[in-house]
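Each residue takes its place number in the sequence, starting with 1. Order of appearance sets the numbers: ligands from 1, and atoms from 1 within every ligand. Because only heavy atoms are used, hydrogens play no part in the values below, and waters and symmetry mates are left out as well, while side chains stay in.
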Amino acid sequence: MASASIGASGNALASPMTNGHSPLSERIQIINDQKQFTSELTSQIERWDLRDAGFNYNIVAVFGSQSTGKSTLLNRLFGTTFDVMDETKRQQTTKGIWMCRGKDMNIMVMDVEGTDGRERGEDQDFERKSALFSLASSEVLIINLWEHQVGLYQGANMGLLKTVFEVNLGLFGGKKAQDGTNGRTLLLFVIRDHIGTTPLANLQATLTADLQRIWDSLSKPDELKDRQLTDYFDLDFTALPHKILATDQFELETRNLRGRFPMAWRSTWRTYGNKSKATKISTFRPSKSSLHNSLGIKLSAVALTEFNEQAKPQKRPIEAGKVVEGLGAMMRSWRTVALERYDRDASRYHQGVYKRKRADLIVSLDATLSPLFLGQLKNLHKACLGAFKKDILEGMKGEEYNFADVVSKAKAKCDNRFTTGARESVVDDSEEGKTEWNWEEELELLREEVQSVADQCRKDETKKMVNTIERNFKKQISEPIELALNKGSPNMWDEVLKAFRQTLDKAESTYLIKATSFNCTEEENTYSLAALRRRAWQALRSKIDEQTADSVFVGRLRAHFEERFRYDEQGVPRVWKPEDDIDGIPPWRTFFLRMPSPLFSETKALDLAAKFRKDADLAYVEAKRSTVSSVAQIPFWMYGVLLVLGWNEFMMVLFNPIYFMFLLMAAAAAYLIIQLGLAGPLLSITQTMGLEIKRQATQKLREHFSEPMLAQAQAHNARSQSSSMIEEEDYELRKRQEGSPM
Ligand SMILES: Nc1nc2c(ncn2[C@@H]2O[C@H](COP(=O)(O)OP(=O)(O)OP(=O)(O)O)[C@@H](O)[C@H]2O)c(=O)[nH]1
């Protein structure tokens with residue numbers, strides 16, 4: 001054979017070789033002479049166009065001494081392109097195990113390094129492992145040998161066959177007993193350079209006897225003691241003429257043999273094709289060196305790589321806290337595509353390996369998807385909570401809203417949004433994977449947070465509501481209290497308390513109506529009502545304090561006093577006459593008497609009284625003075641004197657049309673004044689004015705003519721008169737307060 005080019009070192013795995021042909025005829029060194037398995041088989045299978053062949057292919061391997069024309073035979077039988085040794089060098093060519101696709105047939109052919117090669121010497125390990133590998137993966141083992149080797153132990157590869165039998169027992173010993181004869185391997189003996197003097201039947205008998213002897217010599221476990229060679233192997237024999245000496249015959253026979261192969265496959269090999277291979281590989285150990293196992297790993301790795309490329313771009317938005325719309329659909333799609341790809345590529349391999357690797361693949365896929373799912377849930381949680389808060393704020397805009405309605409609608413919306421989003425994000429709710437796609441716990445957490453936000457809002461709203469009610473209460477209580485205090489009637493405080501009670505009742509019922517809509521608890525209601533009552537009392541107290549502040553109170557006393565002192569019951573200004581009891585008129589002291597002691601201390605009451613009295617005293621003095629002045633009347637005889645003296649003037653007025661007209665006008669005006677009842681007020685005003693003018697004039701005159709002594713005497717008189725009045729009234733007031741319960 002010509003060199004198969006395994007690189008300068010001879011250790012490295014050779015790259016696929018085309019020999020200048022199409023990829024279909026490429027060959028590949030799947031195991032090098034250092035027993036390393038190639039990483040390129042998967043891609044080579046694709047290049048051979050066998051990726052989608054499922055179980056519709058077979059594997060055949062050839063064994064035999066080196067340089068016995070194995071590669072030549074395989075190229076003839078299967079149209080492969082294995083290198084053939086250069087005739088002139090006679091040097092080992094095939095190293096390790098090479099593989100090539102059969103031409104126009106779904107066969108993968110393995111050319112195994114020749115046994116007893118001089119380069120390998122006594123290394124039995126490679127021989128054993130290559131036998132193991134070939135048995136595990138191939139349905140047909142071709143044993144290639146020269147005719148003259150038949151009967152020779154080494155030459156006829158009996159050593160190798162012994163290894164094959166041992167390995168087979170180790171691999172499939174137990175299995176064969178269970179599934180009968182259905183999983184046997186075909187051992188096809190091809191006897192080369194058959195001259196014809198010894199018939200094939202004799203050669204076959206010799207080989208069969210040798211095989212049987214080897215089989216019998218094997219040390220089998222007790223449970224397999226009775227097993228026969230034919231329980232595990234089908235034996236077939238064929239002979240080929242000399243390639244050089246009988247070239248035509250050789251070509252003819254090889255063509256015949258080639259023609260037999262599809263038939264053989266159909267009739268014999270197909271019967272144990274898929275099943276036997278599956279059975280073999282399921283028991284093949286160690287798994288690392290298993291072709292199918294390694295294929296499974298590779299296919300799942302390919303599926304995983306593609307999947308990761310799809311999943312990668314979604315990691316960033318999830319980590320950034322975004323809710324990715326349709327993430328669940330995307331994740332399901334990536335996962336399905338990856339599994340479908342794996343299923344398409346790997347389902348034709350052994351079911352045990354296929355399923356195991358598939359489960360591993362699912363675990364790997366879910367390990368990538370699970371953080372995305374959990375991230376999505378977390379982001380969804382955050383988004384839903386944010387939306388809930390926003391909905392609450394929106395709902396509470398304006399005055400006309402029902403808080404409980406707003407909260408329950410927002411809660412339902414939040415719940416619905418989360419549930420929909422979470423359900424959509426679930427990748428797999430079947431029992432296939434081990435990952436749990438659980439979102440209920442996150443929903444529970446969300447509900448708890450939503451509830452605490454709602455509770456907080458309710459507390460704020462309740463406070464706001466109590467404040468509003470308090471404001472309204474203050475407004476409503478203000479007027480009735482002012483009115484009652486202004487009136488100062490004997491049941492003034494009853495009126496104040498009644499107004500207070502009514503307004504508070506109204507406020508409490510307003511609170512209770514609203515609190516129902518807030519879903520407030522009994523405890524919250526009790527607390528809020530207590531706060532409302534406390535604040536209502538405070539509002540009442542501050543209103544009363546405001547109304548009884550010094551200036552306001554003195555002002556009110558003055559108004560009260562003037563109302564009664566200066567005007568009579570009909571509201572007409574009084575004109576004091578000597579017979580009137582001026583001191584007995586104003587009941588202003590009753591004001592103090594009606595003020596409860598908590599409002600006015602005794603000192604304060606006296607202080608206020610003193611302040612007011614100064615104003616009141618002035619009014620008294622004026623009133624008394626006006627009485628004195630009105631006493632000075634004109635004597636009646638003065639009217640007679642006036643008539644006599646002014647007779648001429650009187651007549652002149654009567655007979656002068658102009659004066660007469662003035663007279664008539666004056667008479668008409670006087671009539672009107674009397675008719676309208678303005679005579680009294682007019683007279684009073686005129687008198688007051690007159691008195692004032694007179695007083696002013698007198699004062700000016702006194703000042704002018706320096707009569708200080710007289711003025712002092714008069715002032716002294718007036719002061720002593722008023723202070724004696726004040727002392728007298730103070731005494732009376734104190735006596736009454738001491739006797740009063742207030
Ligand atoms: N006498 C004879 N020679 C053959 C026959 N077939 C091939 N040869 C020659 O034997 C030599 C070795 O052939 P290969 O096909 O390379 O043998 P091999 O068994 O693949 O060799 P290794 O891969 O090195 O083990 C070549 O020179 C072939 O021409 C045959 O049927 N009879």
Tell me the contacting part of R192 for ligand 1: side chain, backbone, both, or neither, using a 4.0 Å heavy-atom threshold, strictly below.
side chain
So, 4.0 Å and heavy atoms of W146: is ligand 1 close enough to count as a contact?
yes
For residues 245-255, which residue pairs pass the side-chain hydrogen bond (donor to acceptor under 3.5 Å, both in side chains) check, not counting sequence neighbours?
R76-E251
I want to check something: taking the side chain as every heavy atom from C-beta on, are F189 and L211 in contact at a cut-off of under 4.5 Å?
yes
Yes or no on side chain to side chain contact (heavy atoms under 4.5 Å, CB included) for I191 and L207, after CA distance, side-chain angles and deciding distance?
CA-CA 10 Å; I191 301 163; L207 285 170; 4.0 Å; yes
Salt-bridge present (R341, E306; N to O < 4.0 Å)
yes
Just say parallel, tilted or perpendicular for the rings of Y232 and W215, cut-offs at 30° and 60°.
tilted
Heavy-atom contacts with T68 under 4.0 Å: which atoms of ligand 1 show up? List them by number with element.
17 (O), 18 (P), 19 (O)
Do S71 and ligand 1 have an N or O pair less than 3.5 Å apart?
yes
Are the side chains of W146 and T68 in touch, meaning some heavy atoms are under 4.5 Å apart?
yes
Which bit of F250 gets closer than 4.0 Å to ligand 1, counting heavy atoms only: side chain, backbone, both or neither?
side chain
Going by the atom numbers of ligand 1, which of them fall below 4.0 Å from some non-hydrogen atom of H242?
1 (N)
Is D193 touching ligand 1 with its side chain, its backbone, both, or neither, if touching means heavy atoms under 4.0 Å apart?
side chain
